[in-house]
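These notes concern the structure reproduced below.
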Amino acid sequence: MTDKYLFPAVIVAAILGWLLALILGEATWMLDLMRALKTLFLSALKMIMAPLIFFSLIAGILKMGSANRLGRTGGLAVGYYLTTTSIAISIGLICVFFIQPWTLFEPLSDTSQFDIDFDRIESLDGSGLAVLSQILKETLVSPFTALANLNILAIAINAVLIGLALLLVAGNNAAVVNVVDTITNIFYKITSWVIWVVPLGVLGIVYELTVSAELELIKQLVVFSILVVVATCIHGFVVIPSIAYFVGKADLRELFKHGARPLIVAFTTSSSAATIPVTLTAAQNLKISDSTRTFIIPFGATANMDGSALFEGIAAVFIAYLFGVELTATIVVLIFFASMLASIGAPGIPSGSMAGMQAVLLMVGLPLEGVLILLIVERPLDMIRTSINVFGDLVGSLVVDRFSQSEEPMIEPQDSEAVAS
């Protein structure tokens with residue numbers, strides 16, 4: 001199954017699950033079969049998630065190229081990423097604290113069959129310092145223990161430390177970079193195989209929810225999607241252009257003129273990685289120096305995921321409400337910062353941020369069935385947030401280039417088709 005057929009297949013599976021539930025109802029053999037399909041998908045997700053996050057993060061750090069790039073340009077890039085992601089998190093927090101349109105409808109009536117880790121949720125329910133102490137205790141463990149226990153925070157921390165150490169020790173040693181890239185691509189490939197069973201998982205969860213008469217879920221998904229789209233567009237078309245204008249001193253007409261093609265390609269492919277050549281061309285046409293654009297654009301395609309962090313934070317709170325889990329303000333804030341961490345190193349492939357979504361749910365004890373529910377509407381949302389991620393990379397290269405004061409001379413824009421090819 002190719003990427004372009006995934007979303008239609010998910011929709012067909014959802015409709016089929018609904019029709020089968022209407023026809024067969026609570027037939028024991030069918031309910032057992034559908035739960036088996038759901039379990040197949042969730043088990044496959046758990047199998048691939050830990051190594052995928054681990055190697056994706058290491059590969060993202062190694063894309064800096066050498067320890068020298070951890071200097072002024074790298075610092076400016078990280079500063080830009082943290083600033084824009086923090087703004088995205090702030091927008092998300094406003095949405096979940098003051099809007100929450102899904103609360104107009106009742107949560108799921110029967111959540112007994114879902115694996116909600118109430119002990120985990122309770123352990124995070126305390127003062128900020130108590131939660132911080134708990135997190136530090138969990139994160140400072142060996143990478144082997146973290147991977148074996150699916151400890152997402154510890155996996156991320158270990159990956160960052162190992163990535164930075166490799167960068168400082170090996171520099172731009174091609175052998176090390178190639179090995180890590182190869183391993184990362186192997187797990188990307190396995191992930192693409194796991195994607196094949198997404199429609200089966202959706203078929204199972206829709207059948208199960210329909211039998212339980214949870215038809216209001218569709219309305220909740222609609223209002224959730226509208227909120228995510230509005231919040232993402234505010235960040236992408238108000239916040240990011242404002243940064244480009246006031247900080248990067250950009251001509252907004254030129255920015256949108258040259259940024260239109262990367263936005264379109266990102267929207268149609270849902271892949272920030274596939275958009276890199278086109279984004280590089282746009283940056284070149286905006287007269288961004290070669291040294292800045294060739295570093296910031298590929299690095300940003302892995303590390304700068306504002307739209308993904310915003311989506312994952314709102315989605316986790318939405319899932320908690322669906323399953324009747326009450327979250328304290330401390331846990332909600334933790335969710336958004338966990339989303340920021342999980343979005344770093346997310347695969348630049350269609351629906352790649354769902355790996356981060358799984359990580360966030362597990363981190364706070366919410367069931368992975370929430371991923372299957374989100375997959376019903378995830379693809380169109382992914383198209384929008386990928387466009388925002390790519391646009392943020394382009395603006396990031398513009399801002400960094402203005403302040404990095406690179407001594408490398410500018411190069412003349414080339415034909416975009418030639419560069420993209």
Side-chain angles (χ1 to χ4, degrees), residues 7 10-22 25-26 31 34-35 38 42 91-118 121 125 198 201-234 307 310-329 331-333 335-336 339 353-354 357-358 360-361 364-382 384-385:
F7 180 61
V10 166
I11 296 301
V12 170
I15 295 172
L16 181 60
W18 174 66
L19 290 175
L20 287 174
L22 294 180
E26 298 185 19
L31 199 54
M34 292 301 163
R35 286 175 177 167
K38 183 186 73 174
L42 296 179
I91 294 172
L93 287 172
I94 291 171
C95 291
V96 299
F97 278 131
F98 300 108
I99 303 177
Q100 296 188 7
W102 50 81
T103 57
L104 296 172
F105 310 97
E106 293 296 321
L108 301 179
S109 58
D110 181 14
T111 59
S112 59
Q113 72 270 32
F114 301 116
D115 186 18
I116 304 174
D117 190 350
F118 287 104
I121 296 169
D125 185 9
V198 165
V202 171
L203 174 65
I205 194 70
V206 170
Y207 183 94
E208 200 169 7
L209 291 174
T210 304
V211 167
S212 303
E214 306 289 1
L215 299 180
E216 283 202 336
L217 176 63
I218 301 301
K219 299 176 183 177
Q220 290 169 310
L221 283 171
V222 169
V223 296
F224 161 76
S225 300
I226 292 172
L227 179 63
V228 169
V229 170
V230 171
T232 305
C233 288
I234 288 173
L310 179 62
F311 165 78
E312 289 166 9
I314 297 176
V317 177
F318 168 63
I319 292 300
Y321 176 79
L322 278 185
F323 290 103
V325 177
E326 293 187 11
L327 301 177
T328 63
I331 297 179
V332 171
V333 173
I335 282 174
F336 274 89
S339 300
S353 63
M354 294 312 290
M357 188 72 252
Q358 301 157 45
V360 173
L361 293 180
V364 295
L366 296 174
L368 283 180
E369 283 87 349
V371 173
L372 288 171
I373 293 173
L374 293 173
L375 280 169
I376 298 172
V377 295
E378 198 274 337
R379 186 55 187 267
L381 299 180
D382 186 35
I384 295 171
R385 68 173 177 268

Exercise. Please assess V228 against V377 for the test side-chain contact (heavy atoms from CB on, under 4.5 Å), listing each intermediate value before the final yes or no.
Key: CA-CA 11 Å; V228 169; V377 295; over 6 Å; no
Quiz prompt | Heavy-atom closest pair, residues V360 and A316 | solution = CG1-CB, 3.9 Å
Exercise. Go through the structure and list residues passing ring-ring contact (aromatic ring centres under 6.0 Å, His included) with F323, not counting sequence neighbours.
Key: F114
Quiz item: Can you list the residues that meet the ring-ring contact (aromatic ring centres under 6.0 Å, His included) rule with F318, with sequence neighbours excluded?
Solution: W102, F224
Exercise. Mind running side-chain contact (heavy atoms from CB on, under 4.5 Å) on D382 and F311 for me, showing each step along the way?
Key: CA-CA 9 Å; D382 186 35; F311 165 78; over 6 Å; no
Exercise. Could you grab the distance from atom CD of E208 to atom CG of L203, nearest 0.5 Å is fine?
Key: 11.0 Å
Practice problem: Search all heavy atoms of I335 against all heavy atoms of V364 and return the closest pair with its distance. | Solution: CG1-CG1, 3.8 Å
Self-check item: L322 and P107, any side-chain heavy atoms less than 4.5 Å apart
Solution: no
Quiz item: For the atom pair CD1 (I205) and CG (L368), what is the distance rounded to the nearest 0.5 Å?
Solution: 11.0 Å
Quiz item: Going by heavy atoms in the side chains, are S225 and L381 under 4.5 Å from each other?
Solution: yes
Practice problem: For side-chain contact (heavy atoms from CB on, under 4.5 Å), just list the numbers for L19 and I15, CA-CA rounded to whole Å, side-chain angles, deciding distance to a tenth of an Å, and then say yes or no. | Solution: CA-CA 6 Å; L19 290 175; I15 295 172; 4.0 Å; yes
Self-check item: Counterpart residues, side chain to side chain contact (heavy atoms under 4.5 Å, CB included), relative to I94 (two or more places apart)
Solution: F98
Quiz item: What distance separates L221 CG from E378 CD, expressed to the nearest 0.5 Å?
Solution: 12.0 Å
Quiz prompt | side chain to side chain contact (heavy atoms under 4.5 Å, CB included) partners for A320, two or more places apart | solution = V325, L327, L366
Quiz item: What pair of heavy atoms forms the shortest contact from L375 to V10, and how long is it?
Solution: O-CG1, 3.5 Å
Quiz item: So, for C233 and I384, which heavy atoms are closest and what is the spacing to 0.1 Å?
Solution: SG-CG2, 4.5 Å
Quiz item: Atom CD1 of I319 and atom CE of M357: how far apart are they, to the nearest 0.5 Å?
Solution: 7.0 Å
Self-check item: Closest heavy-atom pair and its distance - A231, I314
Solution: CB-CD1, 4.3 Å
Quiz item: Can we say R385 and E312 salt-bridge, meaning some charged N sits less than 4.0 Å from an Asp/Glu carboxylate O?
Solution: no
Exercise. Could I get the full list of side chain to side chain contact (heavy atoms under 4.5 Å, CB included) partners for A21, not counting sequence neighbours?
Key: Y207, T210, V211
Quiz item: What is the distance from atom CZ of F336 to atom CD1 of I331, rounded to the nearest 0.5 Å?
Solution: 13.5 Å
Exercise. Can you sort out the partners of F97 under side chain to side chain contact (heavy atoms under 4.5 Å, CB included), two or more places apart, ordered by chain and number?
Key: L93, A329, V332
Self-check item: Minimal non-hydrogen separation, L361 against P367, with atom names
Solution: CD1-O, 3.6 Å
Quiz item: Taking atom OG1 of T232 and atom CD1 of I91, what is their separation to the nearest 0.5 Å?
Solution: 8.5 Å
